[in-house]
Amino acid sequence: MPHTTTKPRRSGDTNLKLPDVLTELNMSRSAFYRLRARGKAPRCIKLPNGQIRVRRSDLDVWFAACEELAA
């Protein structure tokens, strides 16, 4: 079995569906995908069926980084 390094998942950490993330960010799907293509979107999980999920903790880390950049 190959060894993979993943961030340990916190208890209670939820996976958000993309429409929920877009609503929270007040962002269009196309704008999100542009950010993602540039490597500037929150860390995403791509499911085998092609759907995107974002862990709540990853979204919170991304928000914090945005605050630091704006300061």
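The structure presented is a predicted model; accordingly, all values stated were derived computationally and were not measured. The figures here come from the full heavy-atom set of this structure, side chains too, leaving out hydrogens, waters and symmetry mates.
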Hits for side-chain contact (heavy atoms from CB on, under 4.5 Å) against Arg53, two or more places apart or cross-chain, chain-then-number order -> Asn15, Lys17, Ile45, Leu47, Gln51
Sorted by chain and residue number, the side-chain contact (heavy atoms from CB on, under 4.5 Å) partners of Pro48 (sequence neighbours excluded) come out as none
Of all heavy-atom pairs between Leu16 and Arg56, which one has the smallest distance, and what is that distance? CD1-NH2, 3.6 Å
Sub-3.5 Å donor-acceptor pair from the side chain of Trp62 to the main-chain atoms of Ser57, do we have one? no
What pairs of donor and acceptor atoms, side-chain ones from residues 27-36 against any protein atom, are under 3.5 angstrom apart with sequence neighbours left out?
from  : atom 1 : to    : atom 2 : distance (Å)
Ser28 : OG     : Ser30 : OG     : 3.2
Ser28 : OG     : Ala31 : N      : 3.1

Atom CG in Asp20, atom CG in Leu59: separation rounded to 0.5 Å? 10.5 Å
